[in-house]
Amino acid sequence: MAARYNDLKELNFAQIAAETLEFWKKEGIFEKSVTNREGAPSFTFYEGPPSANGTPGIHHVMARTVKDIFCRYKTLQGFQVKRKGGWDTHGLPVELQVEKQLGITKDDIGRKISIEEYNRKCRETVMMYKDQWDDLTLKMGYWVDLKNPYVTYEKEYIESLWWLLKQFYNKKLLYKGYTIQPYSPAAGTGLSSHELNLPGCYKDVKDTSIVAQFTVKRDAKSAFLFPDAFGDKVYIMAWTTTPWTLPSNTSLVVGEKIQYVQVNTYNPYTHKPVSVVVAKDLLGKYFSEKNKDLALDAYKAGDKAIPYQVVRAFTGKDLVGIAYEQLLPYVQPLYDADKAFKVIAGDFVTTEDGTGVVHASPTFGADDFRVSKQQGIPPITVKDEAGNEVPTVDRKGKFIDAIGQQLQAGVARYNIKTHKPLGPADFYVKNYTNEDESNPDYKNTDVIISIILKEENKAFKVEKYEHTYPHCWRTDKPVLYYPLDSWFIRTTALKDKMVALNKTINWKPESTGTGRFGNWLENLVDWNLSRSRYWGTPLPIWRSKDGKEEICIGSLEELNNEVAKAVKAGHMAAPLSPDFDLHRPYVDDVVLVSASGQPMYREPDLIDVWFDSGAMPYAQWHYPFENKEIFEKNYPADFIAEGVDQTRGWFFTLHAIAAMIQDSSPEVQAVNKKTGNGGVAFKNVISNGLVLDKNGNKMSKSKGNVVNPFETLSKYGADIVRWYMIENAPPWDNLKFDFEGIVEVQRRFFGTLQNTYSFFALYANIDGFVKDESNVVPYEKLTSLDRWIISKLQSLITEVTRAYEEYEPTRAARAIQDFVNDHLSNWYVRLNRKRFWKGEMSEDKKAAYETLYECLLVTAQLMSPIAPFFSEWLYRNLTDNIREVAVTNGTPLRHPSVHLTDLVQAEANRTDAELEKSMAYAQQICSLVHSIRKNARIKVRTPLQRILLPVLDTAFATRIKTVEEIILAEVNVKSIDYMDDTSGVLVKKVKPNLPKLGKQYGPKMKEVAAVIATLTADDIRTLEKQGALAKGGFDLALDDVLISSEDIPGWSVATEGAVTVALDITLTEPLRREGIARDFVNRVQNLRKDMGLEVLDKIAIEVGKPDDAVTAALTDFKEYISTETQALTLDFREALVEATEVDMDDFTLTVKISLKK
RNA sequence: GGGCUUGUAGCUCAGGUGGUUAGAGCGCUACACUGAUAAUGUAGAGGUCCGUGGUUCGAGUCCACGCAGGCCCA
């Protein structure tokens, strides 16, 4: 007979995967899983585009497993889940790779290589590893539509981006401003953070550092500082390693929680009495402890030991809002001057160095710029000839004349000897003019400022300070942090809305949403969109030379129209060709004409690639130029998932663009209104953690601990890797990737499941069992074990469904695993084995098959989102042989693939909570009996007479009785005696029910517990009968105590929780004989197996005559022995030849088995 | 430096709303079972719940401060 069920003993999971892939491909299962649900509600998933210019790693298997799980699950649930793939193709990594390939630097672009050539190279490189990615996608079983992916460099994609930008522009959300960036005056160029991280850029240098004294203005806010102020003036001390920024100071930053002190002392340079404010922790840096007790008035100018006295302590919070006098009043703020020169709070202030007060100049520090902007502090800037606002240091690194003149005057006023006469145009903030520093009179600008401050009683301490400072990799000169032009998206305008919208998003884990992402939104600054690069989406803004006229282009049509005008005006020679490439350099050659007839040139920047990916909800469909309906159906995403490192990347850009487009496009607003979306881009998001090596280290090539995803997948198969990743820990925890863990999953879960299946297949093939959906044994006729596992299965369905619904895949996987291992294999199958191999097909046997079949089938379906290959294999093995019938009848098993089926629903009427509880007791009692047997050294094969079970309440007894047979069979005991307190043997004892008593009595707990400890047996009986008892001044209720059983004297007892079991371990002669008989059966079975006999072969047994007791045992149980061992005869012989010596533990037997035909 | 996060057995992890003796799997040791058999079951050993304080009748759990690892940002 041909086997109906594939009963392969050894499974090659990788091979199953390969075969399944073949099947999916041939039958178009993925496509069907989408088209099948045509017309059904859609579940929208957005694929975050990977960049194919790098190779995929094992962490991509993790991220994509998470994505795949929920798309598959939602498909099972009846949703249509389209998953458009995509590729991220622009940006710095691509450019860097090309530069590396070509052996050039950024500087060579436009010189050694044209932009055209360079960008062509970028376009080629972008898809360099696409094959590997496609291969990974396939092999790991990630279902995503890669036939029609969105590609961010395509013209249509860029057009959608331009449309978005134009909407923002129209709403004045797109503007040109400046931000503080690393800038090399020597090279005249801004530096990217990656250029700053080139080796050798950070150098240790010695710079002049100053602790400056800022004079506090006396007013209501600062009044508390003055009562004890020495010399009538109070100074706040701030430290800087860049004295040249002091003329641009507009605020002082303190830490709100930092402790500060006010100190009366003398200025070490001017010897004037001063009262200064400094962080308490840094006091020792400026004052020597031993001068603490010196009298202030005993000090004479020039004394080495300067006395000091701490007069007051307070926190930074008390200082916030205090006004001070401008330190170097050379240039005034252009605007908001009344808001300048204030103490503000900032989170970046520390007490590691300096004074615990940071001086801020918004034009020359990124932190300074940020906090100033947030708190409305103006910068010190001036207008240049063109009327543009510029900082006080020019692009060559030189102070503007207004400051130069003041410094020149200072040099003259204080007779500062310099290496050469200094004019107003000679004050470079660093040595960018290659002055001879070895000249003894050489003084740089920092030193000159220091001297001026010392003279004017504005410096408390000046010293050389060694620190690391970034240098330009081209010129080797110090970098300045300098305001550079950039285009921004005014995300701050919608901050509150974005914060509010974020609260409507379901984040897994929650803390990433409320914490990391939420905090980021709270501290939002405008999004700097500009990138001075070559390969990316060009900024679609054209400007006239004077910057007074500009246009933002929002579509190709608009561009063509404008070009037509330009052609007319003579700025362009011809219209754009239909296949015009929107990239640089072509787009740079487009010159448009302004309303006043001026030529307008494109702003040379590209936009941040994160805008590319954040715009994918719209641009993937070329919205709004095409596919409006598809867009409407698929906006916003129901679900997205990426690594936690995307929090400020993709998650943010999706969120920001969605919030802003909701604000600026009536069209998108209308779409949102239809679906009741407030303006989010995604509703549920999983941010998964990192994949580390097994020791918790980051994987890196240099450490050599990188796991190759392809090797891993082909060795273990995708299912096991996927299952391991999900089951081991929640996806948002970092995963310590360990092959031993994978092996364990394979053995423990997949091995067990496979074993359970092949057990089924083995006997189902023998019995010719075929599932008939129209003819199943009715529920009432099932055994209690059947009903129990069915009930467990219903609970499993409920639990797994809920876990998936709540985006908790780990909980789902663990629930399935527990079900298969603990309940299905270890209990149901083990206890039911005999039903499968005894006798002919009967209704009971059929019920057993059907039950096991259903468990396997449902397991296959529930696990299919996580382990798509094995579940498919299992499903098809179980159902292929009835497919035709199922198709004809239109029953649930008509689908050729588990991934096309409809998710099972838990059936309440097949759930039996009572039975589940009873069975749990049965398992517990068996475990207890085993433990007693163990202690008494009585093996399970030896039958025992009875179990004594103390019964605390009747419900308990009822429960046990329904599973009594199971217990008795499992532990080989003849009977259970239930013992209640009428028996006189059972002694009850009570323990306090702490959770309840705690709430009621609180601090009196100990008293009550003491009283409860004194309750007598009579008391307990009264309490049980009447439900209440007054004792020791307390009114006790029945549920104030937990009743359990005392140990039973003279019995072997085991207790766990409230369950106590006693076992009668008396071995009577009949029991002993039965034990011998069972032992004997066991030995004969072993011999049969050794001889290689088939299950149905008949034998004759001959035994060398043993002693009387054993003879009696074997004779008594002759029939039993014969049945079990398929023996036709059992005879005793005085002498046996060619017999086997058999060890019966306490004695030996000689046995001879022969086959009887 | 800031935000978030993790710390429980040798390893990987569970431990609603505080409750008496902190659990599971693997690994280890021992035993059992022997018609799922390169399978299976049972038991045992193994813990400063990262530390220190605090709140409470009671803290692995709540609070504060630390320590160590991770991520992101400066």
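Below, read A as the first sequence line, B as the second, and so on, with proteins coming before strands; counting in each chain starts at 1. Note that these values count all heavy atoms, side chains included, but never hydrogens, waters or copies made by symmetry.
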What distance, rounded to whole Å, do you find between the two C1' atoms, one in B:rC50 and one in B:rG7?
6 Å
Nearest whole angstrom, please: distance from the C1' of B:rA36 to the CD of A:Q754.
11 Å
The side chain to side chain donor-acceptor pair (under 3.5 Å) partners of A:E727 (sequence neighbours excluded) come to A:Q817
Between B:rU42 and B:rC4, how many Å separate the two P atoms, rounded to a whole number?
45 Å
Taking only nitrogen or oxygen atoms into account, show me every contact under 3.5 Å that the protein makes with nucleotides 7-11 of chain B, one pair per line with its distance.
none

Under 30°, 30 to 60°, or over 60°: which ring-plane class applies to A:Y469 and A:Y481, parallel, tilted or perpendicular?
perpendicular
Taking only nitrogen or oxygen atoms into account, show me every contact under 3.5 Å that the protein makes with nucleotides 39-42 of chain B, one pair per line with its distance.
unit_1 : atom_1 : unit_2 : atom_2 : d
B:rA39 : O2'    : A:N755 : ND2    : 3.1

Going by salt bridge (charged side-chain N to carboxylate O under 4.0 Å, His left out), name the residues that satisfy it together with A:R802, two or more places apart in sequence or in a different chain.
none
Determine the Euclidean distance between corresponding C1' atoms of B:rA38 and B:rA45; express it in Å to zero decimal places.
28 Å
Scanning all shown strands, the Watson-Crick or wobble mate of B:rU34 with both distances under 3.5 Å is none
Within this structure, what is the CD-to-P distance between A:Q746 and B:rC26, rounded to whole angstrom?
15 Å
Roughly, in whole Å, what's the span from NZ in A:K508 to P in B:rU5?
14 Å
CA sep, side-chain torsions, deciding dist, call: A:D693, A:K736, salt bridge (charged side-chain N to carboxylate O under 4.0 Å, His left out)
CA-CA 5 Å; A:D693 77 2; A:K736 286 188 212 163; over 6 Å; no
Describe, in one word, how the ring planes of A:F749 and A:W723 are oriented to each other, choosing from parallel (under 30°), tilted (30 to 60°) and perpendicular (over 60°).
parallel
Residue list, side chain to side chain donor-acceptor pair (under 3.5 Å) with A:N519, at least two apart or on another chain
none
Kindly point out which of B:rC13, B:rA32, B:rA36 is positioned nearest to the side chain of A:R814?
B:rC13
C1' spacing across the pair B:rG27 / B:rU37, given as an integer number of angstrom:
23 Å
Which residue lies toward the 5' end of RNA chain B, A:Q1085 or A:P730, if each is placed at its nearest nucleotide?
A:P730
Watson-Crick or G-U wobble partner of B:rA43, both distances under 3.5 Å
B:rU29
Is the base of B:rG16 syn or anti, where syn means the angle lies within 90° of 0?
syn
A:A641: what forms a side chain to side chain contact (heavy atoms under 4.5 Å, CB included) with it, not counting sequence neighbours?
A:V66, A:K67, A:F639, A:I686
Using the P atom as the reference point in each nucleotide, state the distance between B:rA9 and B:rG25 in Å, no decimals.
16 Å
Under the side chain to side chain contact (heavy atoms under 4.5 Å, CB included) test, which residues partner A:N755, sequence neighbours left out?
A:S758
Per-nucleotide protein contact string for nucleotides 57-67 of chain B (B base, S sugar-phosphate only, - none; heavy atom under 4.0 Å)
B----------
Identify, between A:T756 and A:R1083, the residue whose nearest nucleotide on RNA chain B lies closer to the 5' end.
A:R1083
Atom NZ of A:K834 and atom P of B:rC33: how far apart are they, to the nearest Å?
14 Å
Donor-acceptor contact present, side-chain A:S927 to main-chain A:Q923, <3.5 Å:
no
Separation of the P atoms in B:rG53 and B:rG58, to the nearest angstrom:
16 Å
Who pairs with B:rG23 - Watson-Crick or G-U, where each distance is under 3.5 Å
B:rC13
Identify the nucleotide, in any strand shown, that forms a Watson-Crick or G-U wobble pair with B:rC71, with both distances under 3.5 Å; if there is none, say none.
B:rG3
Whole-Å C1' distance, B:rG69 and B:rA32
44 Å
With A:D608 via side chain to side chain donor-acceptor pair (under 3.5 Å) - residues at least two apart
A:W527, A:R531
In the 5'-to-3' direction, what one-character label does each nucleotide of nucleotides 69-74 of chain B receive under the scheme B = base within less than 4.0 Å of a protein heavy atom, S = sugar-phosphate only, - = no such atom?
-SBSSS
Complementary nucleotide of B:rA64, counting Watson-Crick and G-U pairs under 3.5 Å:
B:rU52
Determine the interplanar angle of the A:F739 and A:F737 rings, folded into 0 to 90°, and report it as parallel if under 30°, tilted if 30 to 60°, perpendicular if over 60°.
perpendicular
Indicate yes or no for a side-chain donor-acceptor contact from A:D368 to the backbone of A:S361 under 3.5 Å, with no hydrogens or angles considered.
yes
In terms of side-chain geometry, is the basic nitrogen of A:E808 or A:K508 positioned less than 4.0 Å from the acidic oxygen of its partner?
yes
Span that lies between the C1' atom of B:rG1 and that of B:rC62, in whole angstrom
28 Å
Go through the steps to decide whether A:N502 and A:W507 satisfy the test side-chain hydrogen bond (donor to acceptor under 3.5 Å, both in side chains), and finish with yes or no.
CA-CA 9 Å; A:N502 182 42; A:W507 281 85; 2.8 Å; yes
Select one nucleotide: of B:rA14, B:rA36, B:rU20, the one nearest the side-chain heavy atoms of A:L994.
B:rU20
Return the set of residues passing side chain to side chain donor-acceptor pair (under 3.5 Å) with A:Q374 (not counting sequence neighbours), or none when no residue passes.
none
With A:W610, which residues qualify under ring pair (Phe, Tyr, Trp, His ring centres under 6.0 Å), at least two apart?
none
